[in-house]
Amino acid sequence: MITVCIPVYNADVRVLARQLSGMAASSGIAVELLFFDDFSEARFRAVNREIMEIRGVVYHEGERNMGRSALRNHLGKIASHPWLLFLDADCLPVSGNFLKRYAAETGKNRVICGGTRYSDEPPAGEKLLRWTYGKAREALTAAQRSAKNSFAITANNFMIRKETLAAISFRESIREYGHEDTVLGYDLSTAAIPIGHIDNPVYHTGLEASAVYLEKTRTAIDNLVKISEEEVTDPVFIKGSGLLRTGSKLRKTGLLPVVAWFFRMGEPLIRKNLTGPHPRLFLFDLYRTGYLCSIS
C-alpha cells in the first residue's frame, strides 16, 4: 500500500529505520521502507548500512550526488507501492499510529501533508534560532496549514499517489537548496490537484547551529529569487510566497534599495542577536527581507 521514501544525505537514520520498521510490522498494512543515500560522507554510509538488517528496509547508495529533486523523483520511480510517503532523514514520527493514520487517508486525497512538530524542550543555545522559528512558524495544525497557503507543501512529511508524482514531479532543474517543494505544490495547484492536510506530524530533530541556519536561509532565498526569475514567473507564485510578495511591494514603492542599504548597515547587529541566546523572530524577518532586497 505505502512506500516510505527517505532521501538520505549526511544523516544517521538508524533510529528512524527501527521506529518505522516496528510501526510497519504492527500496522497490518503493506509497507516498504525505502532509504536511498545521496552520496553521503563515508562515515554516514558506514553506519547506515546497518539498517539493511532491519525488517522491511530497502537501502540503496548512489554513486554520485543526484540532488534533492532528482532523488525524490527516483525514489518514486523505484517504489513498489501506489502511495509514496516522503520523510526527511532528520525526523521521527510523533505518533505510534503514524503509518495507520496515513493509510486511513488514501481514499480522500491524492496529496496529504502531515505537519511538523518541535520538542518542547529548548535545545542548546547555539541552536535556538532554528528551534524558535520552527516552533512559531512551522509547527502548525492541519487547519492552520490549510488556511495559510493553497499550494503549501512541506516535503519533510507528505504522501502522494505514485501516479500523481509520475505526472507532476519535482522539477529537477532546481538543484540548489530550498523551495523545490514549494514549486511542486504550485505545479499541483496549477493542475487542480488539491492538497489535503492532517494532524500526523513528525518531530524535526536535525536542528542546525544558528550561524549555519542563517547561511542556509540565505541560500534558500537565493534559490527562491532564482526560481521566481527563471523557473516560475507566474504572479500567483509570487503572491503565494510572503517573502517574494513583500519584495515585490518594496520594489513597486521604490523602497527596495533603501531596505537593502539599511540591511547592509545593520546586519552585524541583527546577526549578533540571531546567533545569541535570545533570538527574536522580528529581527529574523527583517534579516530575510533585507537579504532579499540586497540581492534583488
Side-chain angles (χ1 to χ4, degrees), residues 1-106 112-119 121 123 154-162 165-166 170 181 198-208:
M1 175 182 281
I2 297 174
T3 294
V4 185
C5 300
I6 303 175
V8 182
Y9 183 71
N10 289 346
D12 183 343
V13 294
R14 292 175 293 179
V15 174
L16 176 59
R18 287 194 291 268
Q19 185 173 348
L20 289 172
S21 177
M23 288 183 190
S26 62
S27 67
I29 58 178
V31 178
E32 175 187 38
L33 305 176
L34 182 54
F35 291 76
F36 199 111
D37 183 89
D38 199 19
F39 204 61
S40 296
E41 295 174 12
R43 60 192 179 97
F44 287 104
R45 283 180 279 152
V47 297
N48 284 334
R49 287 171 189 147
E50 296 177 16
I51 71 174
M52 290 188 287
E53 305 301 321
I54 297 175
R55 179 181 176 182
V57 168
V58 179
Y59 175 72
H60 296 287
E61 290 182 0
E63 297 180 355
R64 60 179 178 83
N65 183 268
M66 298 175 65
R68 296 158 64 90
S69 294
L71 179 53
R72 288 192 179 110
N73 289 340
H74 181 67
L75 284 165
K77 291 174 184 176
I78 65 176
S80 300
H81 295 309
W83 284 93
L84 313 173
L85 171 52
F86 283 92
L87 300 177
D88 278 357
D90 60 346
C91 73
L92 291 173
V94 172
S95 169
N97 292 321
F98 180 74
L99 295 177
K100 288 183 178 180
R101 287 184 179 179
Y102 266 120
E105 298 294 320
T106 55
I112 307 112
C113 296
T116 305
R117 188 176 294 180
Y118 288 78
S119 171
E121 188 69 26
T154 50
N156 69 322
N157 176 24
F158 84 107
M159 191 167 72
I160 184 170
R161 284 194 64 88
K162 181 172 181 172
L165 187 67
F170 286 95
D181 49 357
I198 63 172
D199 289 311
N200 195 21
V202 293
Y203 284 116
H204 180 197
T205 60
L207 300 180
E208 308 97 338

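Count residues from 1 along the sequence. The model shown is predicted, which means the values in this text are computed figures rather than measured ones.
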With a 3.5 Å distance limit and no angle check, can you tell me whether [X] reaches the backbone of [Y] through a side-chain donor-acceptor pair?
X    : Y    : answer
S27  : I29  : yes
N200 : N157 : no
D181 : T154 : no
T205 : D90  : yes
Y102 : G114 : yes
N10  : F44  : no
N65  : D38  : yes

Nearest non-hydrogen partners of [X] and [Y], listed with the distance:
X    : Y   : result
T106 : W83 : O-CZ2, 2.9 Å
P93  : F98 : CB-CG, 3.6 Å
G96  : M23 : O-CG, 3.7 Å
L99  : L85 : CD2-CD2, 3.8 Å
N48  : A11 : ND2-O, 2.8 Å
A17  : I51 : CB-CG2, 3.8 Å

Quick check for you: to the nearest 0.5 Å, what is the distance between [X] atom [atom1] and [Y] atom [atom2]?
X    : Y    : atom1 : atom2 : value
D37  : M66  : CG    : CE    : 12.0 Å
C5   : K77  : SG    : NZ    : 13.0 Å
I160 : C113 : CD1   : SG    : 9.0 Å
S40  : E61  : OG    : CD    : 8.0 Å
L16  : L87  : CG    : CG    : 6.5 Å
F86  : I6   : CZ    : CD1   : 10.5 Å

R49, CZ: over 12 other non-hydrogen atoms inside 6.0 angstrom |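 Above 12, so yes.
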
Start with the C-alpha gap between L71 and F39, add the side-chain angles, then the distance that decides, and say whether side chain to side chain contact (heavy atoms under 4.5 Å, CB included) holds.
-> CA-CA 11 Å; L71 179 53; F39 204 61; over 6 Å; no

[Y] side chain reached by [X] side chain, heavy atoms, under 4.5 Å:
X    : Y    : result
L75  : L84  : no
F35  : V4   : no
L207 : H204 : yes

On the 0 to 90° scale, with breaks at 30° and 60°, tag the H60-F36 ring pair as parallel, tilted or perpendicular.
->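 Ring orientation of H60 relative to F36: tilted.
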
Qualifying side-chain hydrogen bond (donor to acceptor under 3.5 Å, both in side chains) pairs, either residue in residues 12-25, two or more places apart | D12-R14, R14-E50

Set of residues satisfying salt bridge (Lys or Arg N to Asp or Glu O under 4.0 Å) with respect to D88, sequence neighbours excluded |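 Partners of D88 by the salt bridge (Lys or Arg N to Asp or Glu O under 4.0 Å) criterion, ordered by chain and then number, come out as R72.
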
Does the pair Y59 and V8 meet the rule for a side chain to side chain contact (heavy atoms under 4.5 Å, CB included), with working shown?
-> CA-CA 10 Å; Y59 175 72; V8 182; 5.5 Å; no

